[in-house]
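Step one of this worksheet: look at the structure below.
The structure displayed is predicted, hence computed values, not measured ones. In what follows, chains carry the letters A, B, and so on, assigned in the order in which the sequence lines appear, proteins first and then strands, with residues in each chain numbered from 1.
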There are 2 protein chains.
Amino acid sequence: MSRSVPGATRRADARQNVEKIVDAAIDCLSRSSDASVVQIAHAAGVGRVTLYGHFPSRDSLIEAALTRLLAQGDEVLEDLDLTGDPRTALDTLIRSSWLLIAQASAVLEAAQTVLPPGRIHALHARPEQRVRDLITRGQAEGVFRGDLPASWLASALHHVLKGAAADVANGTLDPEDAPRFVTQIVLAAYTPRA
Amino acid sequence: MSRSVPGATRRADARQNVEKIVDAAIDCLSRSSDASVVQIAHAAGVGRVTLYGHFPSRDSLIEAALTRLLAQGDEVLEDLDLTGDPRTALDTLIRSSWLLIAQASAVLEAAQTVLPPGRIHALHARPEQRVRDLITRGQAEGVFRGDLPASWLASALHHVLKGAAADVANGTLDPEDAPRFVTQIVLAAYTPRA
DNA sequence: TATAACTCGAACACTGGTGTTTGACTTACC
DNA sequence: GGTAAGTCAAACACCAGTGTTCGAGTTATA
């Protein structure tokens with residue numbers, strides 16, 4: 001099985017299957033946060049036993065899915081230029097990563113019930129910090145309101161993003177409109193009081 | 001059992017227990033949307049068999065909890081004066097019902113996985129319509145922005161409300177601050193573009 | 001091509017939930 | 001005070017999911 005020496009090189013098809021499984025896990029968990037191992041294995045086009053050959057438990061698979069998603073997210077954020085006007089920076093941030101973030105928070109929900117809180121926090125600390133930095137910078141420059149704590153502004157963004165994803169999933173919101181709607185709501189919400 | 005003639009008067013302690021069970025269901029389901037019948041029965045201080053004596057299934061109990069919550073919510077909305085400035089109306093609406101709405105959406109989440117969509121929609125149609133009316137009136141009066149559909153404004157309010165409740169539940173947000181923070185975010189988000 | 005790595009279906013044990021029955025007990029209410 | 005109504009613990013059948021084992025078959029790769 002894959003449970004050999006850590007540094008050992010595994011067969012190509014095995015590595016490929018691991019990828020397929022994680023992909024399928026992200027896909028299934030995004031749709032329903034309590035997707036079963038059977039569903040995920042089937043979606044990956046792989047037998048259940050094979051899955052357990054690569055991941056010792058459902059929990060570890062969820063952790064792998066979350067890790068991959070957050071790593072991707074961090075990578076996207078890394079490539080963005082967020083140094084200009086905080087408002088346009090926020091706009092580009094939302095536009096370029098909203099789907100990813102939405103998926104991540106769906107998988108995150110699955111993880112909440114299964115992984116220790118500390119582990120979860122450690123995993124999404126980096127991307128979260130980036131958003132937080134952008135917000136506090138905006139506040140310092142007087143472009144974002146300073147009468148509410150940055151943590152709440154970040155939280156509100158998160159909730160709207162997640163909610164928009166849910167709306168898209170259940171057909172209430174056109175995916176075409178989603179990022180624009182989110183941006184406009186959030187930018188207005190962040191504007192200093194007149 | 002309670003399963004006798006529809007109009008028959010049941011014993012006082014039985015009626016009382018039904019109340020206790022629904023209370024406990026709301027309480028438990030608000031905390032975790034997949035609370036078990038055992039947990040709910042225990043929280044109600046009642047045996048499992050007694051619970052099944054009053055509700056034929058877990059699903060029917062969830063429906064009862066949701067119905068009661070939404071009826072309460074509608075009652076609260078009914079008593080409010082929402083005829084003045086839409087902004088202050090929205091403020092009073094949020095302040096007086098935010099906890100109720102937050103609970104309702106937690107129970108709603110439990111219901112999503114269990115009740116037919118049509119049933120759910122029928123149940124929370126009235127309170128939702130009231131909020132919708134307030135928003136469209138605000139838009140008509142030019143106090144709320146008209147460049148985004150009312151459905152999305154309502155949806156965003158819902159998501160922020162629900163998210164704030166989640167933050168309070170996990171200790172990230174002071175329950176004292178919550179309604180004010182929500183109001184300020186949402187009012188700003190609803191303000192017409194300058 | 002030989003062999004180790006991998007896949008996979010079938011069957012198993014285990015857990016935790018739902019819903020039911022039984023029979024003895026308690027209690028509201030006439 | 002008698003009785004119907006209600007409570008409840010224990011035990012049951014059932015189901016769906018997790019995780020494991022086995023053994024036979026397939027395939028990458030050296």
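Per the geometry, CG belonging to B:Leu51 stands 10 Å off P belonging to C:dT18, to the nearest Å. Rounded to an integer number of Å, the gap from B:His42 NE2 to D:dA9 C1' is 14 Å. Summarising the geometry, the separation between CG on A:Leu61 and P on D:dT18 is reported as 10 Å, rounded to the nearest angstrom. Here D:dA9 presents its P atom at 15 Å from OH of B:Tyr52, a figure rounded to the nearest Å. The separation between A:Phe55 atom CZ and D:dT20 atom P is 14 Å, rounded to whole Å. Following rounding to the nearest Å, A:Lys20 (NZ) and C:dC6 (C1') show an atom-to-atom distance of 13 Å.
With DNA chain C read from its 5' end, the first of the two nearest nucleotides for A:Val46 and B:Asp59 is the one closest to A:Val46.
Identified under the side-chain hydrogen bond (donor to acceptor under 3.5 Å, both in side chains) test for residues 67-82 of chain B, with sequence neighbours left out: B:Glu19-B:Arg68, B:Asp23-B:Arg68, B:Asp74-B:Arg126, B:Asp74-B:Arg130, B:Asp81-B:Thr83. Contacts classified as ring pair (Phe, Tyr, Trp, His ring centres under 6.0 Å) and involving residues 125-146 of chain A (residues at least two apart or in different chains) are given here: A:Phe144-A:Tyr190. Residue pairs meeting the side-chain hydrogen bond (donor to acceptor under 3.5 Å, both in side chains) criterion with at least one partner in residues 159-177 of chain B, sequence neighbours excluded, are A:Ser155-B:Asp167, A:His159-B:Asp167, A:Asp167-B:His159, B:Ser155-B:His159, B:Asn170-B:Thr172, B:Asp177-B:Arg180.
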Between the protein and nucleotides 12-16 of chain D, which nitrogen or oxygen pairs are less than 3.5 angstrom apart?
none

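Checked by atom type and distance alone, the side chain of B:Ser32 never pairs as donor or acceptor with a backbone atom of B:Leu29 at under 3.5 Å. Side-chain atoms of B:Thr191 come within 3.5 Å of backbone atoms of B:Leu187 as a donor-acceptor pair (strictly under, hydrogens ignored).
Distances from the side chain of A:Val49 to the nucleotides D:dT7, C:dG9, C:dT22 place C:dG9 closest. Closest approach to the B:Arg58 side chain among D:dT18, C:dT18, C:dC8 is made by C:dT18 (side chain taken as heavy atoms from C-beta onward).
Residues forming a side chain to side chain contact (heavy atoms under 4.5 Å, CB included) with A:Gln112 (at least two apart in sequence, or on another chain): A:Leu108, A:Ile120. With sequence neighbours excluded, the residues satisfying side chain to side chain contact (heavy atoms under 4.5 Å, CB included) with B:Ser57 are B:Asp59, B:Ser60. The side chain to side chain contact (heavy atoms under 4.5 Å, CB included) check on A:Arg48 picks up A:Val37, A:Val38, A:Tyr52, with sequence neighbours excluded. Shown here are the side chain to side chain contact (heavy atoms under 4.5 Å, CB included) partners of A:Val46, two or more places apart in sequence or in another chain: A:Asn17, A:Ile21, A:Ala44, A:Thr50.
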For every nucleotide of nucleotides 24-30 of chain D, 5' to 3': is a protein heavy atom under 4.0 Å from its base (B), only from its sugar-phosphate (S), or from neither (-)?
---BSS-
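Look at A:His54 and you'll find a side-chain N or O under 4.0 angstrom from OP1 or OP2 of C:dT7. Here B:Asn17 reaches the OP1 or OP2 of D:dT7: one of its side-chain N or O atoms lies under 4.0 Å away.
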